Amino acid sequence: MELVQEDRYRFRIVPEGDMRVPGVVFATRDLLADAEKSLTQVADVATLPGIVTASYAMPDIHWGYGFPIGGVAATAIDEGGVVSPGGVGFDISCGVRLLAADCARAEVAPMLEKIMDVLDRSVPRGAGPGGVWRLTGPRQLERLLRGGSRHAVEEGHGEERDLARCEDGGAVPDADADQVGPRARERGLGQVGSLGSANHFMEVQRVAEVYDRHTAEVFGIAEDQVCVMIHCGSRGLGHQICTDHVRAMDKVMARHGIRVPDRQLACTPVDSPEGRAYLGAMAAAANYARANRQLLSDVARRAFARVAGRRLSLVYDVSHNLAKIETHQVDGRPRRLCVHRKGATRAFPPGHPDLPEDLREVGQPVLIPGTMGTASYVLAGVAGGGAFFSTCHGAGRRMSRHEAARKISSRELRNRLERDGIAARPLSWRGLTEEAPEAYKDVGEVVAASEGAGLCRIVARLVPLGVVKG
DNA sequence: ATGTTC
C-alpha cells in the first residue's frame with residue numbers, strides 16, 4: 001500500500017486494485033503508527049459501489065467489523081451507491097449527551113458522594129436486560145422506535161427544549177419498525193433506559209478549561225461548571241438489527257452484481273429493497289438509542305434535583321455511529337449521499353441550516369467522551385470540514401480488554417481513582433480495569449489532531465468527578 | 001458494542 005503524507009495531519013492512500021477513490025487518513029505520525037493494520041480496511045471501503053471523493057479515517061481510527069472504527073464513507077444514492085450495516089457498526093446510534101448543571105463544582109462537592117450513590121442505585125447498567133422502563137408491549141415499542149427522544153419527552157421524561165438540542169430534533173425520520181425483526185424487538189423490550197457495559201458511562205464532570213469562551217457560552221457551559229455526560233447506544237436491539245441485516249445483504253449481494261473484498265462489508269444499493277429495509281431498521285434503532293439517552297438524562301436530573309436541588313440543561317446529544325442521507329457538493333454539484341459515520345461524529349459548520357437557530361452562529365457541538373481518569377472534550381464544527389462535515393469520536397483502545405485486565409490491578413486502580421478524587425460506582429471493580437485510562441489512547445492527542453486537520457475546533461475540556469459504569 | 005462464540 002502506498003501512503004503519501006500530504007501535510008502534517010493528512011495522509012493519502014493511493015488507489016490501487018479495485019479502489020474507486022483514494023483513502024484519506026487524518027492523523028499524526030504517532031497516531032498512525034497505532035492504526036497501521038486498519039488502513040487495509042480504509043482501502044477496502046474505497047472499493048464500495050458509488051463511493052465518492054474518498055474513504056476517510058479520523059485520527060482515532062482502529063480496527064472494526066468490515067469498516068474501521070473512525071471511518072467516514074459517502075456513496076452517491078442516484079448512481080448505485082450502497083449502504084452497508086458494517087459502515088454504521090453494531091451499536092447503532094451509539095452517542096453522547098452532555099447536560100450542564102446550574103452550578104459550579106464547589107456548590108456540588110459536599111453532595112457529590114450522595115449524588116453518586118443515588119445514580120449508583122438508579123442507573124440500570126451491565127450486560128443483559130434491565131432498564132428504567134418496562135414496556136407494556138409491542139405498541140409502545142413501536143412508538144418509541146418512531147419517536148426517539150421525542151417519545152420519551154411526550155411521556156413526561158424531559159423538556160420540550162431538550163429536543164431542540166438533539167441531533168435531528170430527537171428522532172430520525174423514516175424509522176420502519178416493520179424492518180425490526182422479532183429477536184431485536186424482544187431484546188429491545190427489556191433494555192429501554194439502560195447504559196450497557198464496556199466503554200459506556202454516565203459521568204459527573206467539571207469544565208476544567210474553556211478554549212473558546214464565546215462558543216462555550218452559546219453552548220451553555222462555563223469554566224468550573226458541573227456537567228453530566230452520558231455515553232450509550234441501542235443495546236441488544238441495535239446489535240440484533242445489525243446482525244440480521246448483514247446476513248440479509250450477504251445473501252443477495254451477488255444478485256445486485258456487487259462483490260466486496262471482505263464479507264463484513266456486506267451491502268446493497270441504498271435504492272434497493274434490502275437497502276431501504278436496513279435504513280428503516282437502522283433509523284428505528286437510532287431512535288431507541290436517543291430515547292435511551294433521554295431517559296437516562298431524566299434519571300440524572302432526578303438525582304441532582306433530589307440531592308442538590310440543581311437543574312440540568314441539555315447542551316447537545318449527538319450520535320457517532322450512523323448512516324444519513326445528506327446532500328453535499330461533490331465535483332461542483334449537489335449530490336444526494338448516504339454518509340456512513342462509524343466512530344465518527346457529524347460536525348456541521350457555522351451557518352448550517354439544520355442547526356437550531358441559537359447554535360447556528362458557532363457551529364454544531366461535538367461531544368467526545370474520554371476515559372474515566374482523564375478528560376472529555378466539547379468541540380465545534382467548522383467551515384470546510386474535510387470529510388462531509390465529520391470529526392473524531394473518542395480516544396480509541398490501545399490495549400485489548402484481555403491485556404488490560406491482565407496488566408492492571410483493580411485495587412491499584414481503585415486507589416488511584418480515590419486519590420484523584422473521582423467517585424467511581426462500577427458494577428464490578430474487576431471489570432473496571434478493562435476501562436482504565438492506560439488501556440486507551442490519549443484523547444487530547446486525538447482532538448488536537450482533529451483540530452489540526454481542520455475537522456473541528458476545541459471548545460472546552462471536561463474532567464470527571466464521578467463515574468457510573470457497567 | 002453484544003443475553004461478551006448460533
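Each chain gets a letter, A, B and so on, in the order the sequences are listed, and its residues count up from 1. Since the structure is predicted, the reported quantities are computational estimates derived from the model, not experimental observations.
- Between Glu167(A) and Lys324(A) a salt bridge is recorded (basic side-chain N to carboxylate O distance below 4.0 Å).
- Side-chain contact between Leu337(A) and Thr75(A) is absent, with no heavy atoms from C-beta onward closer than 4.5 Å.
- Using a 4.0 Å heavy-atom criterion, one finds that Gly233(A) contacts no nucleic acid atom at all.
- With 3.5 Å as the limit, one finds no donor-acceptor pair spanning the side chains of Arg125(A) and Ser197(A).
- In this structure, Gly236(A) reaches the sugar-phosphate backbone alone: every heavy-atom distance under 4.0 Å involves primed, P, OP1 or OP2 atoms, never a base.
- Ion pairing between Asp298(A) and Arg302(A) holds under the 4.0 Å rule for side-chain N and carboxylate O.
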Checklist outcome for this item: Under the rule of Watson-Crick or G-U wobble with both distances under 3.5 Å, where | means paired to another strand and [ ] a crossing pair, DNA chain B maps to ......

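- Taking a 4.0 Å limit (strictly below) on heavy-atom distances, residues 135-149 of chain A does not reach DNA chain B anywhere.
- Using a 4.5 Å heavy-atom cutoff, the side chains of Phe389(A) and Glu326(A) are not in contact.
- OP1 or OP2 of dT2(B) has at least one side-chain nitrogen or oxygen of Arg235(A) nearer than 4.0 Å.
- Checking dT4(B), dC6(B), dT2(B) against the side-chain heavy atoms of His200(A) singles out dT2(B) as nearest.
- Between the CD atom of Glu186(A) and the P atom of dT2(B) there is a distance of 17 Å, given to the nearest Å.
- The shortest distance between side-chain heavy atoms of Cys94(A) and His320(A) falls below 4.5 Å.
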Next on the checklist: One pair to check against salt bridge (Lys or Arg N to Asp or Glu O under 4.0 Å): Asp250(A) and Arg263(A). What are the steps and the verdict?
Outcome noted: CA-CA 7 Å; Asp250(A) 185 64; Arg263(A) 270 183 90 171; 2.5 Å; yes

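- For the pair His402(A) NE2 and dT5(B) C1', the computed distance is 16 Å after rounding to whole Å.
- When heavy atoms are screened at a 4.0 angstrom cut-off, Arg247(A) is found touching no nucleic acid atom at all.
- Looking at heavy-atom distances under 4.0 Å, Glu434(A) makes no contact with the nucleic acid at all.
- At whole-Å resolution of the value, OH in Tyr65(A) and C1' in dT5(B) are 14 Å apart.
- Computed from coordinates, the Leu427(A) CG to dT4(B) P distance equals 16 Å when rounded to whole Å.
- Counting to the nearest Å, the P atom of dT2(B) and the NE2 atom of His231(A) are 10 Å from each other.
- When every heavy atom of Ala387(A) is checked against every heavy atom of Tyr56(A), the shortest pair comes out as CB-CG, 3.7 Å.
- Remark: P of dT5(B) and CD of Gln240(A) are 15 Å apart, rounded to the nearest angstrom.
- The local environment of CG in Asp18(A) is sparse, with at most 12 non-hydrogen atoms from other residues, nucleotides or ligands closer than 6.0 Å.
- Summarising the geometry, the separation between OH on Tyr288(A) and C1' on dT2(B) is reported as 13 Å, rounded to the nearest angstrom.
- Between Tyr316(A) and Phe219(A), a ring centre-to-centre spacing not shorter than 6.0 Å is recorded.
- Per the geometry, CD belonging to Glu435(A) stands 17 Å off P belonging to dT4(B), to the nearest Å.
- Proximity of Ser197(A) to the phosphate of dT4(B): no side-chain N or O atom is located under 4.0 Å from OP1 or OP2.
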